[in-house]
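Letters A, B, ... mirror the listed sequences (proteins, then strands); counts begin at 1.
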There are 2 protein chains.
Amino acid sequence: MVETFQLQMNEYLPLRDVVFQTLRQAILRGELKPGERLMEIHLAQQLGVSRTPVREAIRKLELEGLVLMIPRRGAVVAEITVSDLEDVLEVRMALEELAVKHACHSVTPGQLAEIRRLAEEFKNTLSGDDVAACAQADMRFHDAIYEATGNGRLVQILNNLREQMYRYRMEYLKDRKSHRNLIEEHDGILQALESRDEALAAQMTARHIECQKEYFIQMLGPRE
Amino acid sequence: MVETFQLQMNEYLPLRDVVFQTLRQAILRGELKPGERLMEIHLAQQLGVSRTPVREAIRKLELEGLVLMIPRRGAVVAEITVSDLEDVLEVRMALEELAVKHACHSVTPGQLAEIRRLAEEFKNTLSGDDVAACAQADMRFHDAIYEATGNGRLVQILNNLREQMYRYRMEYLKDRKSHRNLIEEHDGILQALESRDEALAAQMTARHIECQKEYFIQMLGPRE
DNA sequence: TGGAACAAGATTGTATACAAAATGCATAGA
DNA sequence: TCTATGCATTTTGTATACAATCTTGTTCCA
């Protein structure tokens with residue numbers, strides 16, 4: 001099985017960053033599967049670069065937890081167990097609640113309008129078939145809320161936690177049965193933000209995460 | 001000004017990891033100051049290794065946000081502003097509360113005994129003069145609580161957030177006026193855990209963080 | 001047939017080499 | 001004196017080289 005992920009050299013970026021992003025996406029999207037070994041020479045040849053940028057990219061993936069380093073054996077794509085996923089979701093729940101509560105009193109009218117627009121945009125993508133576009137739109141909606149907190153560190157951690165679950169979110173979005181709930185949940189969060197009701201916003205957000213959690217666990221439970 | 005941080009090659013670890021930990025500590029402890037450039041050859045020579053492990057270490061520091069990469073100019077130690085510190089503390093507050101509440105119902109009697117022992121040990125170190133030892137003991141006390149949650153991701157993030165503030169915590173611990181409060185706060189948390197009172201535990205933890213926050217802000221406020 | 005020992009190949013860890021870019025200084029000209 | 005230009009130096013980005021280690025497969029012996 002020969003994977004073929006291409007480097008996209010749009011702008012001038014160091015190769016290591018391009019390789020990092022390429023490998024990162026390949027892992028998060030499941031093109032590189034858990035347990036698979038990342039061998040430097042092979043990756044380098046496939047991407048048309050030398051080992052050096054590949055190694056540096058792997059160092060970053062290592063810190064992010066996406067690959068596991070085994071000394072003198074190299075990197076393997078990290079497994080994600082149900083238990084890992086539950087751990088991540090528990091932290092995410094706490095931080096998403098923090099974010100939305102914070103946003104309730106820090107969001108500007110302009111940001112609120114943007115969030116409203118993004119919620120609408122998300123609804124529109126759901127009617128289409130492009131799951132990746134849905135994921136993008138969903139991400140932008142939530143990002144707008146994160147940004148409204150003005151807490152850069154919170155934004156960074158939440159982004160990271162969300163991306164840990166990219167694969168599973170895609171499955172969730174593919175399932176049309178979840179669409180109705182998603183729209184309602186986003187609307188709920190939006191309304192809570194508009195009325196600046198912290199408690200309600202937290203509650204809506206918690207439900208939003210909880211629904212995903214149940215789906216993931218149901219999806220993964222039987223397998224492992 | 002010639003910095004002299006030595007590599008400590010206790011066990012067999014890849015050089016890149018030794019370099020990473022060495023540079024990381026040097027930054028967190030303030031030996032490498034914000035704004036300072038990290039030049040590969042110099043660091044390599046100083047540490048007695050080649051550029052390769054140094055570069056790989058820098059890639060990890062970059063992802064962690066401890067250094068800032070400027071393309072074709074290299075790495076500089078990231079600035080930490082008061083605002084950054086407040087951001088970190090806000091996230092930490094939420095996650096410390098999550099951890100202690102979780103621990104309230106997941107801590108085993110054995111773990112509780114260990115936490116009690118570590119609280120005692122912390123008190124003992126406070127009577128001495130070794131600030132680093134105090135920091136260690138404090139860390140172990142909190143780690144034991146984190147571990148009691150059984151949530152590996154939460155442990156990892158909390159550890160990381162705590163280390164972001166290493167420098168400032170040291171100042172806090174040096175100030176003998178804070179000792180009395182610290183002991184009381186730890187006792188409060190311990191008692192809440194023993195009675196498995198989630199609300200009280202969260203409240204005690206919040207106060208613990210809040211005190212540190214006030215100290216840090218008071219300390220840094222005038223300067224920047 | 002089973003297992004241990006050894007050898008060949010593959011892979012990582014580290015060092016070094018080389019090219020491209022950025023910086024800084026010196027010098028020339030207005 | 002001030003500015004601009006060009007050259008030398010420094011530094012990064014990438015590639016390659018070499019050694020240490022691990023894996024694997026084969027052979028030999030019990």
**OP:** Mind checking side-chain contact (heavy atoms from CB on, under 4.5 Å) for A/S83 and listing every partner two or more places apart, or none if nothing turns up?
**Re:** A/T81, A/D87
Original post:
Listed by chain and number, what are the side-chain contact (heavy atoms from CB on, under 4.5 Å) partners of A/P71, not counting sequence neighbours?
Top reply: none
**OP:** Scan for ring-ring contact (aromatic ring centres under 6.0 Å, His included) pairs involving residues 42-70 of chain B, sequence neighbours excluded, and state none if there are none.
**Re:** none
**OP:** Using the salt bridge (Lys or Arg N to Asp or Glu O under 4.0 Å) rule, collect all pairs that involve residues 129-139 of chain A, keeping only residues at least two apart or in two chains.
**Re:** A/D129-A/R176, A/D138-A/R169
Original post:
Tell me, for nucleotides 8-16 of chain D in 5' to 3' order, what letter each nucleotide earns: B for a base near a protein heavy atom under 4.0 Å, S for only sugar-phosphate near one, - for neither?
Top reply: ---SBBBBB
Subject >> Contacts of type ring pair (Phe, Tyr, Trp, His ring centres under 6.0 Å), residue B/H208, not counting sequence neighbours >> reply: B/H142, B/H186
